[in-house]
Number of protein chains: 2
Amino acid sequence: MARLPLYYRALLETAEHDVDTVSSEHLARLAGVNAAQVRKDLSHLGSYGTRGVGYEVGPLLREIAGELGLTHEWPVVIVGIGNLGRALAHYRGFEARGFQVVALVNNDPTKLGGLVDDLVIEGVDELPRLARERSIAIGIIATPPHVAQGVADALVAAGIASILNFAPTVVSVPTSVSMRKVDLAIELQILSFYQHHRDDPALPPLGAR
Amino acid sequence: MARLPLYYRALLETAEHDVDTVSSEHLARLAGVNAAQVRKDLSHLGSYGTRGVGYEVGPLLREIAGELGLTHEWPVVIVGIGNLGRALAHYRGFEARGFQVVALVNNDPTKLGGLVDDLVIEGVDELPRLARERSIAIGIIATPPHVAQGVADALVAAGIASILNFAPTVVSVPTSVSMRKVDLAIELQILSFYQHHRDDPALPPLGAR
DNA sequence: CGGTGTGAAGCCTTTCACAGCA
DNA sequence: TGCTGTGAAAGGCTTCACACCG
């Protein structure tokens, strides 16, 4: 159900335009997917559509928010306060979507105790306490690759079971933990691959990618 | 072939350890995928393995680098110099992988002409000239969502056919252009979804995700 | 033997097509 | 009539299993 957030965003936009009903086709265009897929996805949530009319924006928004667990704030810790970590700490898009950065962790002694906005940078060994005191459920790894596995282990040991990993390395976690990866260099390499194979007849047309 | 960069990174690591032969199983562990998959993927590049022995690290590395188009530097332009854009401009992981940020673009008049490292921030209308003079093939969009579509159009008009989009909105480009998306809020929402449905028996076990 | 290369099976996701309801 | 909800078909990707080779 990785598409629910897309529908959610699309519905928020339509709600802003004071539209209170959308067809699967309209929603599909906004989310950039197929209309049949929208209907199938939404049917899994129960019947929120009216045949011949479409879906009611308000109720559907509430249903999806509930499904995604967006009815309350999620406290987040960022580990690794380099360029990327600092940028993520400042990123407005998180709070707008219900995620609040409540702790910063970095083991570099020169940064320890420093401030980013109102947050003190703390050591990795403070993770268990921070996680407990601030009810942290999500950790973001923005460290160099060679310490990422250790950080992941520390997050797991602190009871944080959802991890977003920006470090360009393979990190393994217990199956009870969910982890998502964002690897910027790999994204560029994939672009480079297609750029390099432009006009390669053996490749599927670009529209299909 | 979105896994080639993973193999590439894994092979670089083994090369550092002065190992010159790897089995598909070893490579699979390093890349975090299935061994059969490694063999199938690599067989598409031709036969670089020796039965009973494994794959020769050096030749395989060169072959993959060639396939990914990593034999030369790729000049990159970053559009949108907010927190994220600035962090990306500083990000070391790009240059280490053959991508060089050669231009910064931002339309905010208060930032125009400013410097980030040695690069001058230029206006969007300079894109065609920059793309031509600096042979830019890849553009990164790190703007707020409401201007992302316009920026994408400008990139395409400037002849840039590979785009990495960080703006949290759906952007459409001609089928001749390849675009990849990284949406940080959506990644967190997906984590939130699984966190919210933890212990939900209707869901597949976490290991399968 | 050990490990690659690969047909075939299995699985999961997407798309089609249309019945059925407002 | 218009659009949802959904079985069935199609397609793509992953995994298995094993023949074959060094």
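Letters A, B, ... mirror the listed sequences (proteins, then strands); counts begin at 1.
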I would like to know whether B:Tyr48 and B:Leu42 meet side-chain contact (heavy atoms from CB on, under 4.5 Å); could you show each step before the answer?
-> CA-CA 8 Å; B:Tyr48 286 83; B:Leu42 296 187; over 6 Å; no

Parallel, tilted or perpendicular: which describes the rings of B:Tyr91 and B:Phe94, with under 30° parallel and over 60° perpendicular?
-> perpendicular

d(CG, B:Leu27; C1', C:dT4) in whole Å | 13 Å

Which of D:dC18, C:dG7, C:dT15 is nearest the side chain of A:Lys40? It is C:dT15

Spacing of A:Leu60 atom CG relative to D:dT4 atom C1', expressed in whole Å = 13 Å

CZ (B:Arg92) with more than 12 external heavy atoms under 6.0 Å | no

Side-chain N or O of A:Asn34 less than 4.0 angstrom from OP1 or OP2 on C:dC16?
-> yes

5'-most contact on DNA chain C: A:Arg51 or A:Gln37, nearest heavy atom basis?
-> A:Gln37

Starting at OH of B:Tyr48 and ending at C1' of C:dT6, how long is that distance when rounded to a whole Å?
-> 19 Å

Between B:Gln149 and B:Asp153, does a side-chain hydrogen bond (donor to acceptor under 3.5 Å, both in side chains) hold up when you go through it step by step?
-> CA-CA 6 Å; B:Gln149 180 65 60; B:Asp153 296 343; 2.9 Å; yes

Which of the following nucleotides, C:dC18, C:dA22, C:dT6, is nearest to the side chain of A:Thr50?
-> C:dA22

Nucleotide of C:dT14, C:dC16, C:dT4 approaching A:Arg3 most closely (side-chain heavy atoms) = C:dT14

Picking from C:dG5, D:dA17, D:dG5, the nucleotide nearest the side-chain atoms of B:Ser47 would be C:dG5

Protein-nucleotide distance (A:Asp41, atom CG; D:dT6, atom C1'), rounded to Å = 13 Å

Whole angstrom value for the distance that separates P of D:dT4 from CG of A:Leu42 = 9 Å

Spatial distance of atom NE2 (B:His197) from atom OG (A:Ser178) [nearest 0.5 Å] = 12.5 Å

With the side chain of A:Ser23 defined as its heavy atoms from C-beta on, choose the nearest nucleotide among C:dG5, D:dG5, D:dT4.
-> D:dT4

N/O (side chain, B:Tyr55) to phosphate O (OP1/OP2, C:dG5) under 4.0 Å = yes

For the pair made of CD in A:Glu56 and P in D:dC3, what is the distance, rounded to whole Å?
-> 16 Å

Between atom CG in A:Leu4 and atom C1' in C:dT13, what is the gap in whole Å?
-> 15 Å

